[in-house]
There are 2 protein chains.
Amino acid sequence: MNAVPPLSPESAAPEAAGPAFSPLYRQIKALIVRSLQAGEWRPGEAIPSEMELAARFRVSQGTVRKAIDEMATENLLLRRQGKGTFVATHAEQKVQYRFLRLEPADEAVAPGPVERLFLDCRRLRAPAEVARALDMKAGETVAQIRRILSFGGTPAVLDEIWLPGTLFKGLTAERLSEYRGPLYGLFESEFGVHMVRADEKLRAVPAGPDEAELLRVPVGTPLLSVERRSFTYGDKVVELRRGLYHTAKHHYRNELS
Amino acid sequence: MNAVPPLSPESAAPEAAGPAFSPLYRQIKALIVRSLQAGEWRPGEAIPSEMELAARFRVSQGTVRKAIDEMATENLLLRRQGKGTFVATHAEQKVQYRFLRLEPADEAVAPGPVERLFLDCRRLRAPAEVARALDMKAGETVAQIRRILSFGGTPAVLDEIWLPGTLFKGLTAERLSEYRGPLYGLFESEFGVHMVRADEKLRAVPAGPDEAELLRVPVGTPLLSVERRSFTYGDKVVELRRGLYHTAKHHYRNELS
DNA sequence: AAGTGGTCTAGACCACGAT
DNA sequence: TCGTGGTCTAGACCACTTG
């Protein structure tokens, strides 16, 4: 027994250009991703057990397992032995601020909670550059947020965030201030947009006048510029973010392999 | 049949504090790592087939496979379907400069080859800070290299590299200049030291007088400071490196998930 | 005790590369 | 054609969590 007909490897990619062969577990994975995308299971909830999914897709448990394995290493799902497999979430997670790589330079300093201050939240027509990065037409409306993150009273991050207007309709400064925890948690629960992965481009730049004042540093101070594009399911860009990090007492940590 | 006696799960971690249980495939993985460490197979060479390893360790092919799977995702090994499984190498690899995340900001610009210029290569007693980072006693001898990387004639990276003297005995400026390709390739073939992973701390800093001259930028220009510790098998630190990246025409790329 | 994910095995067959 | 890694299955048992 190989697979239920509509799942047979041939049916997946009959084109001449693409990969000629797609293993069964990848097709299962794609189906599970589609269910996540459709909101069949919400962030934080458990998905069906491996046995149930195996029965549903008419494959063996091992095949489902391999599909889930990949999704777990991509941080789409979270396995907990004895309990089940859960949809990853940015809210109420042990590791808050999953995408923030900034950490205290001095190991002795306890990290402490992050203070969030929202400067403004507006809706406007997307500048050409922003529209291009967000895969939108120039002139469509976007939401723009500016905010500051502080550690122990000292401002360390100045963020400028751009979001597609259609996805974030009722976004206001008020709702931002009320919400506790990371922005991505709010995006999930209030707008049903789950950030799955991101890429970043880092540069060292001098602080401009406005930025210097907001971060309380002299004009020209070197800052770490972090340009991030965030994606949901299906590799769709849903956020453009430009962060300026003051790296006197913090640094950006990265692991290579 | 579970395992050959000396591999029984119990024997792996009888301590009270540590993890009470270590699956068989992790024990196999540890054995393979030990063989790599001992140089049984050199970088670029093929290791024995899964079947051979299964016979050697008296486990099933699936168990060996899971061990190798983990090592492949950690970039210790490289699987090539139909050919075999190979020891990862920094030399003669498609992706040269595996640990260098700098790339041209303008996508239109072809990357082109990197030009390397060695400024000096000395042996000296390790400053306290360097000794601590390299897990050495203060005063032991270390090798220090300074060099510049240029792209298309424009200097972009100024590196200062510290290596334990005991591991890199015959290291001279001459041998550095002669070798083609990434430093880590030379470390592998000439000194038998294979870099397996690294961590980095990034900051934005102003260019000092010397640095400014070498990188041909004005004093005070913001530079991206990249402090890297590199590890061999067994999590042993074997390199400390401080890079200053000029990020006007390049940026440091990172992926988050 | 029951249900979940985690491990291990054994065997069949497929895709790929070299010969 | 052969040997390699890659996929898929089926079944047994283990470890962890909850009732």
Side-chain angles (χ1 to χ4, degrees), chain A residues 1-5 7-13 18-32 41 45-73 76-88, chain B residues 1-5 7-13 18-32 41 45-73 76-88:
Chain A
M1 177 194 346
N2 192 356
V4 72
L7 282 180
S8 74
E10 317 310 332
S11 72
F21 168 73
S22 171
L24 194 46
Y25 74 86
R26 275 198 197 283
Q27 304 174 43
I28 303 300
K29 182 182 167 188
L31 290 176
I32 299 177
W41 316 294
E45 285 180 11
I47 70 173
S49 74
E50 295 180 350
M51 281 309 207
E52 279 178 90
L53 290 172
R56 166 162 158 185
F57 297 128
R58 312 289 208 83
V59 299
S60 80
Q61 188 202 8
T63 300
V64 170
R65 167 163 282 272
K66 187 147 188 185
I68 292 181
D69 275 346
E70 280 202 0
M71 299 177 68
T73 65
L76 292 182
L77 298 175
L78 188 65
R79 323 189 74 143
R80 280 188 259 178
Q81 183 171 131
K83 301 184 71 172
T85 301
F86 298 78
V87 183
Chain B
M1 176 195 343
N2 191 354
V4 72
L7 283 180
S8 72
E10 317 310 332
S11 71
F21 169 73
S22 171
L24 194 46
Y25 74 85
R26 276 197 195 283
Q27 304 174 42
I28 303 300
K29 182 182 168 189
L31 290 176
I32 299 176
W41 316 293
E45 286 181 9
I47 70 172
S49 76
E50 296 179 350
M51 281 308 207
E52 279 178 89
L53 290 172
R56 165 161 157 186
F57 297 129
R58 313 290 207 82
V59 299
S60 80
Q61 188 203 9
T63 300
V64 170
R65 167 165 282 274
K66 187 146 188 186
I68 292 180
D69 274 346
E70 281 203 1
M71 298 177 68
T73 64
L76 292 183
L77 298 175
L78 187 65
R79 322 190 74 144
R80 280 188 260 179
Q81 184 173 133
K83 301 184 71 173
T85 301
F86 298 78
V87 182

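Lettering of chains follows the sequences in order, A, B, ..., and the numbering in each one begins at 1.
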Checklist entry - For the pair made of NZ in B:Lys66 and C1' in C:dG5, what is the distance, rounded to whole Å? => result 10 Å
Checklist outcome for this item: Of the listed D:dT9, C:dG5, D:dC8, the closest approach to the A:Leu24 side chain comes from D:dC8
Checklist entry - If you find the nucleotide of DNA chain D closest to B:Thr85 and the one closest to A:Ser60, which residue's nucleotide is nearer the 5' end? => result B:Thr85
Checklist entry - Out of D:dT4, D:dT7, C:dC8, which nucleotide sits closest to the side chain of A:Pro23? => result D:dT7
Checklist entry - Taking atom C1' of D:dC14 as reference, at what distance in whole Å does atom CZ of B:Phe21 sit? => result 7 Å
Checklist entry - Rounded to the Å, how far apart are B:Gln61 CD and C:dC14 P? => result 16 Å
Checklist outcome for this item: A:Tyr25 atom OH is separated from D:dT7 atom P, nearest whole Å, by 4 Å
Item to check | Side-chain heavy atoms of A:Ile32 within contact of A:Leu76, under 4.5 Å | outcome: no
Next on the checklist: What is the distance, to the nearest angstrom, from the CD1 atom on B:Ile68 to the C1' atom on D:dG5?
Outcome noted: 9 Å
Checklist entry - Of all the nucleotides listed (D:dT9, C:dC8, C:dT7), which has the minimum atom distance to the side chain of A:Thr63? => result D:dT9
Next on the checklist: Expressed as a whole number of angstroms, how long is the span from A:Arg58:CZ to D:dT9:P?
Outcome noted: 12 Å
Checklist entry - For A:Arg79 and C:dG6, is the shortest distance between a side-chain N/O and OP1 or OP2 below 4.0 Å? => result yes
Item to check | Test item: B:Thr85 and B:Trp41 side chains (from C-beta on) under 4.5 Å apart, heavy atoms | outcome: no
Next on the checklist: Less than 4.0 angstrom between a side-chain N/O of A:Arg80 and OP1 or OP2 of D:dC16, yes or no?
Outcome noted: no
Next on the checklist: Strictly below 4.0 Å: does A:Lys83 bring a side-chain N or O up to OP1 or OP2 of D:dT18?
Outcome noted: yes
Checklist entry - So do B:Arg79 and B:Asp69 actually touch side chain to side chain, heavy atoms under 4.5 Å? => result yes
Item to check | Residues that B:Arg65 engages under salt bridge (Lys or Arg N to Asp or Glu O under 4.0 Å), provided they are two or more places apart | outcome: B:Glu50
Checklist entry - Whole-Å distance between C:dG6 C1' and B:Asp69 CG? => result 15 Å
Item to check | Separation of atom CG in A:Leu53 from atom P in C:dT4, rounded to whole Å | outcome: 11 Å
Next on the checklist: Less than 4.5 Å apart, side chain to side chain, heavy atoms only: is that true for A:Val59 and A:Ile28?
Outcome noted: yes
